[in-house]
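Since the structure comes first, as structure tokens, the remarks are kept for the end.
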Amino acid sequence: MSEVQNIQWFPGHMTKTKRQIQANLKLVDAVAEIIDARIPVSSRNPDLDKLIQNKPRVILLNKSDMANPTATKMWIHYFSEQGTTAIPVDCKSGKGLNKFPQAVNTVLQQKIEKLKAKGMKNPTMRIMIVGIPNVGKSSFINRISRKDRAKVEDRPGVTRGNQWFTISQNLEMLDTPGVLWPKFDDQVVGEHLAFTGAVKDQVIDTELLALRLLDFLKTLKPADFIIRFKLDEIDLDSVSSYDLLQLIGKKRGMLVSGGEIDTERAAIMILDEFRAAKLGRITVEMPGGGTR
Ligand code: G4P
């Protein structure tokens, strides 16, 4: 579990974070925003647009190994229609990361060409990473930076201790990512973040959260979910989520003394299996508001 997951956001902290990001933005040419491909809406920071203003941006749909591939394609298309470059990545295995330098080049093409026209041969571009906790920022940085060529340097204006990692020829990345808060005042956003484990379970009652997840899975009916919990003979449209939780607990032999079903244990198991993508590659949020 990531350490930054434990960050408690409070107004003073948010202001400080914002200021730090604003200062770092002055040092970079573009921003790589990492979001979770399963929840591309809820895993975004609501204030980012205002914060980065016109700075070119690449969106990384991370954890794409756990998201529905068709849904991810739809998201890429959605962002592209908005004029934003987005690529699917899996920072656990490194899949898709080879497309990153090209994506940055695309968003910085105008700037690079301008500099070249001014006589600069191979201008070096710099980027920074931003994203909410647990979205995969550290995994991205570890995967993409060629550590052997990382440079420790004190440049004017760079906070002491800042490092620039080399990603590829003429592309460098600030080692410290900007950690941003999600839109936590929205209940649905909170639930979706909790489904994926991006926020701690303690924030929402575990059993209630599992029931909300079952509400969603009942409607979506992913094949792996049905197979895994042997639900092919159940009419998912007419069973209540609580009955379904009991049924799954019973099938897994989760009983407490007296023969009652241990719904708390069943709830934890369902959430764990969803988070590990054992119930299928499921995207919770679709462009336009639906689910897949
Ligand atoms: P952060 O810096 O943004 O807070 O996120 P971090 O990289 O720490 O990643 C949070 C968790 O998400 C880690 O799992 C990490 O392995 C996992 N993760 C990151 N990117 C991907 C991805 O593309 N696919 C998958 N499947 N997982 C990803 P963890 O359980 O906290 O730790 P561990 O399993 O790595 O030990």
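Counting convention: from 1, in listed order, for ligands and their atoms alike.
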message = Just to be sure I'm reading this right: ignoring hydrogens, which of G136, G131, A277, P133 gets closest to atom 5 (O) of ligand 1? Compare them by their nearest heavy atoms.
response = G136
task = Considering the heavy atoms of S139, write down every atom of ligand 1 situated less than 4.0 Å from one of them.
result = 6 (P), 7 (O), 9 (O), 15 (C), 19 (C)
ask   = N/O of D90 under 3.5 Å from N/O of ligand 1, yes or no?
value = yes
Q22 atom CD, over 12 foreign heavy atoms within 6.0 Å = yes
remark   = Between the CD1 atom in I132 and the CD1 atom in I39, the distance rounded to the nearest 0.5 Å is 6.0 Å
task = For the pair K221 and D237, find out whether any cationic side-chain nitrogen is under 4.0 Å from an anionic carboxylate oxygen.
result = yes
query = Between F140 and ligand 1, does any nitrogen or oxygen pair lie at a separation below 3.5 Å?
reply = no
note = Near K137 (heavy-atom distance under 4.0 Å), the atoms of ligand 1 are 1 (P), 2 (O), 3 (O), 4 (O), 5 (O), 7 (O)
ask   = Any ion pair linking D29 and K111 (charged N to carboxylate O, less than 4.0 Å)?
value = yes
task = Could you check which of I132, N134, N62 puts a non-hydrogen atom nearest to atom 11 (C) of ligand 1?
result = N134
message = Using modelled atom types and a 3.5 Å cut-off, is there a donor and acceptor pairing between side-chain atoms of D36 and backbone atoms of K63?
response = no
request  = Enumerate the atoms of ligand 1 whose separation from the nearest heavy atom of C91 is less than 4.0 angstrom.
outcome  = 20 (N), 22 (C), 23 (O)
message = I'd like to know if R44 pairs up with E285 as an ion pair, taking the criterion as any Lys NZ or Arg NE/NH1/NH2 lying under 4.0 Å from an Asp or Glu carboxylate oxygen.
response = no
